[in-house]
Protein chains: 2
Amino acid sequence: MINTTAQPENALRRDVVNLLAERGITPTQQRILIAQELLSKPQHLSADQVLHRVNNQTNTVSKATVYNTLGLFSEKGLIKEVIVDSSKVFYDSNTAPHHHFYNVDSGTLHDIECEALKVESFPEPPDALKIQDINVIIRVTQKT
Amino acid sequence: MINTTAQPENALRRDVVNLLAERGITPTQQRILIAQELLSKPQHLSADQVLHRVNNQTNTVSKATVYNTLGLFSEKGLIKEVIVDSSKVFYDSNTAPHHHFYNVDSGTLHDIECEALKVESFPEPPDALKIQDINVIIRVTQKT
DNA sequence: GTCAGTGCAAACCCTTTGCAGAAAG
DNA sequence: CTTTCTGCAAAGGGTTTGCACTGAC
């Protein structure tokens, strides 16, 4: 994620370009637009939301490019896929280990900081497998 | 889930019919077949797997009916949806609270008993929402 | 006989892919 | 200039839907 505190637009763009370069990602116009939109603050967006936000500005980015770019960013560790809903993937600009509240009514995610929730102990993975990721999702609803 | 320990085929069927009736589900032939397949032991099956297993026997159940039935069972609390993969839903015959190892290479799930893993503490849900479910998924891969 | 459940095929939605044209270095 | 990226439109895979037929009670 990028520090955007009181930074002018062009500084943000420069930061994004550097960030992409650091990860070996060619900073094309479309990728820069998507990165600016998604990485400017902690948030959880679906591919479709990214598509619409990016295309609200003048420039236009195709659906395929949004999907390709999100896949690339996530592969390069710039963002994280969050799987909580069977019908779509969310992309999280916060790549630090943390967990989520998922509001099943509104379809929105809220971070739970890593320190706020501790997974106390867990068994060894079967068959000598390696742990890739530990993920806690607390599904919440409107109180009835 | 059903206790199937050394029970003859027809006893299993009777149990399934009772189980469905208890939850107010009309025990049709297709639903009984699906319930027998899925509830006979702790397991995690996708809709497609259920479809194929059920249709390996003589009787035939359509894809739509499998989806409708799994949705109904899950709504009635007979099974639980497990969302770990963005491309399909798994249905779990174990409805007791528990967690999962998800092998991302093979696409298979393994239960983690509730007592084996403790979520120590967590913050209050935002906006006075009610907790529906706490879900821990540990993604594992082949050791490189 | 009535109402709920089923089968089929088509629709749907999100995501991926193939390929020709455009942009990056 | 060469290679990589983009856009478009079409394909893909899982899931849902509409509607006539069948089965449950």
Side-chain angles (χ1 to χ4, degrees), chain A residues 13-14 16-18 20-35 37-38 44-55 57-76 78-79 81-91 107, chain B residues 13-14 16-18 20-38 44-55 57-76 78-79 81-91 107 109:
Chain A
R13 188 188 150 97
R14 174 164 39 72
V16 165
V17 171
N18 289 339
L20 297 183
E22 272 170 29
R23 309 270 176 158
I25 301 170
T26 310
T28 66
Q29 294 208 257
Q30 292 83 343
R31 287 170 181 174
I32 292 167
L33 282 170
I34 293 170
E37 189 60 49
L38 187 49
H44 313 92
L45 297 178
S46 67
D48 203 57
Q49 288 176 308
V50 172
L51 178 64
H52 285 101
R53 293 197 182 193
V54 165
N55 287 332
Q57 344 274 50
T58 351
N59 267 291
T60 123
V61 181
S62 77
K63 189 183 276 201
T65 298
V66 168
Y67 278 101
N68 290 338
T69 300
L70 292 172
L72 180 67
F73 283 5
S74 137
E75 185 189 310
K76 298 290 188 183
L78 271 177
I79 56 179
E81 292 191 344
V82 184
I83 297 170
V84 285
D85 186 302
S86 57
S87 71
K88 67 167 94 63
V89 176
F90 288 95
Y91 293 90
Chain B
R13 188 191 149 96
R14 172 164 39 72
V16 164
V17 171
N18 289 339
L20 296 184
E22 273 170 28
R23 308 271 176 158
I25 301 171
T26 310
T28 66
Q29 294 207 255
Q30 292 83 343
R31 288 170 180 176
I32 293 167
L33 281 171
I34 293 169
Q36 283 184 141
E37 190 59 49
L38 187 48
H44 313 92
L45 298 177
S46 67
D48 202 56
Q49 288 176 310
V50 171
L51 178 64
H52 285 101
R53 293 197 183 193
V54 166
N55 287 331
Q57 344 273 52
T58 354
N59 268 290
T60 121
V61 181
S62 76
K63 191 183 276 201
T65 297
V66 168
Y67 277 100
N68 290 338
T69 301
L70 292 173
L72 179 68
F73 284 4
S74 136
E75 186 189 308
K76 298 291 187 181
L78 270 179
I79 56 179
E81 292 191 347
V82 184
I83 297 169
V84 285
D85 187 302
S86 56
S87 71
K88 66 165 93 63
V89 176
F90 288 94
Y91 293 90
L109 283 163

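Order of the sequence lines fixes the chain letters, A, B, ..., with proteins taken first and strands second; residue numbering starts at 1 for each chain.
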Any side-chain N or O of [X] less than 4.0 Å from the OP1 or OP2 oxygen of [N]?
{"X": "A:Tyr67", "N": "C:dT15", "value": "yes"}
{"X": "A:Gln30", "N": "D:dG7", "value": "yes"}
{"X": "B:Thr65", "N": "C:dG7", "value": "yes"}
{"X": "B:Thr28", "N": "C:dT6", "value": "yes"}
{"X": "A:Arg31", "N": "C:dA24", "value": "no"}
{"X": "A:Thr26", "N": "D:dT4", "value": "no"}
{"X": "B:Ser86", "N": "C:dT15", "value": "no"}
{"X": "B:Ser62", "N": "C:dC8", "value": "no"}

In chain order, what residues pass the side chain to side chain contact (heavy atoms under 4.5 Å, CB included) check against [X], with sequence neighbours excluded?
{"X": "B:Ile32", "result": "B:Arg13, B:Val16, B:Val17, B:Leu20, B:Pro27, B:Gln36"}
{"X": "B:Asn18", "result": "B:Arg14"}
{"X": "A:Leu45", "result": "A:Leu38, A:Gln43, A:Gln49, A:Val50, A:Arg53"}
{"X": "B:Glu81", "result": "B:Ser74, B:Ile83, B:Val89, B:Tyr91"}

Separation of [N] [atom2] from [X] [atom1] (nearest whole Å):
{"X": "A:Phe73", "N": "D:dC5", "atom1": "CZ", "atom2": "P", "result": "12 Å"}
{"X": "B:Lys63", "N": "C:dC12", "atom1": "NZ", "atom2": "C1'", "result": "13 Å"}
{"X": "B:His52", "N": "D:dG13", "atom1": "NE2", "atom2": "P", "result": "13 Å"}
{"X": "B:Lys88", "N": "D:dT16", "atom1": "NZ", "atom2": "P", "result": "15 Å"}
{"X": "B:Gln29", "N": "D:dC25", "atom1": "CD", "atom2": "C1'", "result": "14 Å"}
{"X": "B:Leu51", "N": "D:dT16", "atom1": "CG", "atom2": "C1'", "result": "15 Å"}
{"X": "A:Leu72", "N": "C:dT16", "atom1": "CG", "atom2": "P", "result": "13 Å"}
{"X": "B:Asp48", "N": "D:dT16", "atom1": "CG", "atom2": "C1'", "result": "15 Å"}

| query | How far apart are the closest heavy atoms of A:Val61 and A:Asn55, and which atoms are they? | reply | N-OD1, 2.7 Å
| query | Closest approach of B:Ser46 and B:Phe90, non-hydrogen atoms and distance? | reply | N-CD2, 3.9 Å
Residues which pass side chain to side chain donor-acceptor pair (under 3.5 Å) with [X], listed by chain and number, not counting sequence neighbours:
{"X": "A:Thr28", "value": "none"}
{"X": "B:Asp85", "value": "B:Ser87, B:Tyr102"}
{"X": "A:Thr65", "value": "A:Ser62"}

| remark: Double-helix bend of the helix from C:dG1-D:dC25 to C:dG25-D:dC1, axes at both ends from 5 pairs, round to 10°, gives 30°
| request: Could you walk me through whether B:Arg23 and B:Leu78 pass the side-chain contact (heavy atoms from CB on, under 4.5 Å) test, one step at a time? | output: CA-CA 8 Å; B:Arg23 308 271 176 158; B:Leu78 270 179; 4.0 Å; yes
What does the list of N/O pairs under 3.5 Å between the protein and nucleotides 17-21 of chain C look like, with a distance for each?
none

| message | Here's a test of your reading of the structure: between A:Thr69 and B:Ser46, which maps to the more 5' nucleotide of DNA chain D? | response | A:Thr69
